[in-house]
Amino acid sequence: MLSTLEFSSCLPLSEDSICTAEELAKYSIVFTGKWSQALFPKQYPLYRPPAQWSSLLGVTHSSDYHMWKKLEPVSNGVRDFVEKGEAWPLMKEIEAAGEKIQSVHGIFSTGSMSSGTGQASTEFEAHSRHPFVSFMVRIVPSPDWFVGVDTLNLCEGKHWKQTATLELHPYDAGTDSGFTFSSPNFATIPQGTVTEVTASSPSHPANSFYYPRLKNLPSIAKVVFTKVKGRLSSFLDIVSNVTTTGNEIDEHISETPLDCEVSVWSSWGLCRGSCGNAGVKSRTRYIRLKPANNGTACPTLNEDKECEPENCV
């Protein structure tokens, strides 16, 4: 889907955003999901629903508009998109911004992906007065997590970029306080801001992306923009493609080690044994998270200790 909004901007442009290239440029966008169980083994969603991606929703615009921005609150439309996958409220917001501040040139989208790995692609048009592109893709399932790009400039002075490739990492929209992929709805009050999810932040063992052994999370997706010949005469020219694949999407895919996690020890049990001899008491703990991909093995789950038998006369 593509919608071109014909608005002539009369707003002043800053020097760093002036594009003097040819008026229109056509681009392909290829979104590659890399969310595999090998890369992200912790709590990886296998069913109801399995790991997947929503449709990609994007916009070409001027520097006056932001679809979303790191460390700032999201709009109601973005909230509905990242929490529920509802695109229509966000599209109406984008169209309203185009009408009010003449900052939007066009909206584009791809189909959703039924797997964590695979590709989705489409084409869109940028304008010399609207050379920036932004988009979002919801991580499904998740409380309010997404990947995306905020205000990428496709123009370099007198020329349009021929290609641009970006590795993508998860963001938290700040509207839901859930820690795990399948967390029930738990609204953040007051609403927070957009923050990047890292291997250590949020710093909580329950967090689905919490990998304390890693300095950085591997990228969960990738996007490639490529300038192509021709023009888009209407939305009927758009062909959106979706391909679901396994780990062959990256021949050099690595595995993220996941260490075993165990509970705290239980209290010591009663001392067992006969009077006059040393007895034995025991305590136990259980596995909270099994290791994967050569992560640290689980420690012993049972421990015994000598003791004096109780109630001896």
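In this chain, residues are counted from 1 in sequence order.
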Q: Answer with yes or no whether the hydrophobic clustering places Tyr44 together with Val137; edges join I, L, V, M, F, W, Y residues whose side-chain heavy atoms lie under 4.5 Å apart.
A: yes

Q: Calculate, to the nearest 0.5 Å, the distance between atoms OH and OG1 belonging to Tyr27 and Thr163 respectively.
A: 9.0 Å

Q) So, Phe181 versus Trp35, ring centres under 6.0 angstrom or not? A) yes

Q) What is the minimum heavy-atom distance between Gly148 and Trp68, and which atoms define it? A) C-CZ2, 3.6 Å

Q: Step by step, work out the side chain to side chain contact (heavy atoms under 4.5 Å, CB included) result for Thr195 and Thr193.
A: CA-CA 6 Å; Thr195 55; Thr193 60; 4.1 Å; yes

(Q) Tell me whether Phe135 shares a hydrophobic cluster with Leu152, the cluster being built from Ile, Leu, Val, Met, Phe, Trp, Tyr side chains joined at under 4.5 Å. (A) yes

Q) Okay, side chain of Arg283, backbone of Trp268: is any donor-acceptor separation there less than 3.5 Å? A) no

**Q.** Thr180 versus Ala206, closest heavy-atom pair with distance
**A.** CG2-O, 3.2 Å

**Q.** Atom pair CG (Leu24) and CZ (Arg129), whose distance is rounded to the nearest 0.5 Å
**A.** 13.0 Å

**Q.** Set of side chain to side chain contact (heavy atoms under 4.5 Å, CB included) partners for Thr296, sequence neighbours left out
**A.** Arg213, Asp259

Q | Heavy-atom pair of closest approach, residues Ala87 and Phe81 | A | CA-CD1, 4.0 Å

Q | Ser134 versus His66, side-chain donor and acceptor atoms under 3.5 Å | A | no

Q: Go through the steps to decide whether Val133 and Phe108 satisfy the test side chain to side chain contact (heavy atoms under 4.5 Å, CB included), and finish with yes or no.
A: CA-CA 10 Å; Val133 62; Phe108 59 92; 3.7 Å; yes

Q: Determine the interplanar angle of the Phe209 and Trp145 rings, folded into 0 to 90°, and report it as parallel if under 30°, tilted if 30 to 60°, perpendicular if over 60°.
A: tilted

Q: Answer whether the closest heavy-atom distance between the side chains of Phe225 and Phe124 falls below 4.5 Å.
A: yes

Q: Evaluate the side-chain proximity of Asp144 to Glu83: yes if any heavy-atom separation is below 4.5 Å, no if none is.
A: yes

Q. Passes side chain to side chain contact (heavy atoms under 4.5 Å, CB included), Glu125 versus Thr60? Steps please.
A. CA-CA 7 Å; Glu125 189 177 75; Thr60 50; over 6 Å; no

**Q.** Donor-acceptor under 3.5 Å (Tyr65 side chain, Ile94 main chain)
**A.** no

Q) Just how far is it from atom CZ of Phe132 to atom OG of Ser62, taken to the nearest 0.5 Å? A) 7.5 Å

**Q.** Side chain to side chain, Lys69 and Thr151, heavy atoms closer than 4.5 Å
**A.** no

Q) Does Thr110 reach the main-chain N or O of Leu56 with its side chain, forming a donor-acceptor pair under 3.5 Å? A) yes

Q. So if you build clusters from Ile, Leu, Val, Met, Phe, Trp, Tyr with side-chain heavy-atom gaps below 4.5 Å, do Val197 and Phe40 land together?
A. yes

Q: Let me know which of Asp80, Val74, Val194, Val78 forms a side chain to side chain contact (heavy atoms under 4.5 Å, CB included) with Thr175.
A: Val74

Q. When rounded to the nearest 0.5 angstrom, what distance separates NE2 in His159 from NZ in Lys227?
A. 11.5 Å

Q) Going by heavy atoms in the side chains, are Gln52 and Ser115 under 4.5 Å from each other? A) no

Q: Indicate yes or no: at least one non-hydrogen side-chain atom of Leu217 is less than 4.5 angstrom from one of Glu196.
A: no

Q: Inspect the surroundings of NZ in Lys161 and state if more than 12 heavy atoms from other residues, nucleotides or ligands are less than 6.0 Å away.
A: yes

Q | Spatial distance of atom CE (Met91) from atom CD (Glu86) [nearest 0.5 Å] | A | 13.0 Å

Q | Minimum-distance pair of heavy atoms, taken over all atoms of Pro143 and Asp176 | A | CB-OD1, 3.4 Å

**Q.** Closest non-hydrogen atom pair, Leu154 against Ala126
**A.** CD1-CB, 4.5 Å

Q: Verify the neighbour count for atom CD of Glu303: are there more than 12 heavy atoms of other residues, nucleotides or ligands below 6.0 Å?
A: yes

Q: Taking atom CG of Leu46 as the centre, report whether more than 12 heavy atoms of other residues, nucleotides or ligands fall under 6.0 Å from it.
A: yes

Q.
Any side-chain to backbone donor/acceptor pair from Thr226 onto Ser28? Under 3.5 Å, distance only.
A. no

Q.
Could you check whether any side-chain heavy atom of Glu23 comes within less than 4.5 Å of a side-chain heavy atom of Ser128, counting everything from C-beta outward?
A. yes

Q. Regarding Thr32 and Gln119, is there a side-chain donor-to-acceptor distance under 3.5 Å anywhere?
A. yes

Q | Side chains of Arg285 and Thr300 in contact at under 4.5 Å (non-hydrogen atoms) | A | yes

Q | Asn76: partners by side chain to side chain donor-acceptor pair (under 3.5 Å), with sequence neighbours left out | A | Arg79

Q: Locate the shortest heavy-atom distance separating Pro73 from Gln191; write the atom from each residue and the value.
A: CB-NE2, 3.7 Å

Q | Within one Ile-Leu-Val-Met-Phe-Trp-Tyr cluster: Leu214 and Leu39, side-chain cutoff 4.5 Å | A | yes

**Q.** Worked check of side chain to side chain contact (heavy atoms under 4.5 Å, CB included) between Tyr210 and His204
**A.** CA-CA 7 Å; Tyr210 185 69; His204 193 290; over 6 Å; no

Q) Are Val224 and Met113 joined in one hydrophobic group, where the rule is that I, L, V, M, F, W and Y side chains link up if heavy atoms are under 4.5 Å apart? A) no

(Q) When you compare the side chain of Glu95 with that of Ile107, does any pair of heavy atoms fall below 4.5 Å? (A) yes

Q | Side-chain donor-acceptor pair present, Ser282, Asp304, cut-off under 3.5 Å | A | yes

Q) Taking atom types as modelled, is there a side-chain donor on Thr188 or Ser177 under 3.5 Å from an acceptor on the other? A) yes

Q) Would a distance-only check, ignoring hydrogens and angles, find a side-chain to backbone donor-acceptor pair under 3.5 Å from Ser54 to Arg138? A) yes

**Q.** Sequence-distant partners of Ser219, side chain to side chain donor-acceptor pair (under 3.5 Å), two or more places apart
**A.** Lys34, Glu167

Q: Find the distance between CG (Asn153) and SG (Cys19) and round it off to the nearest 0.5 Å.
A: 7.0 Å

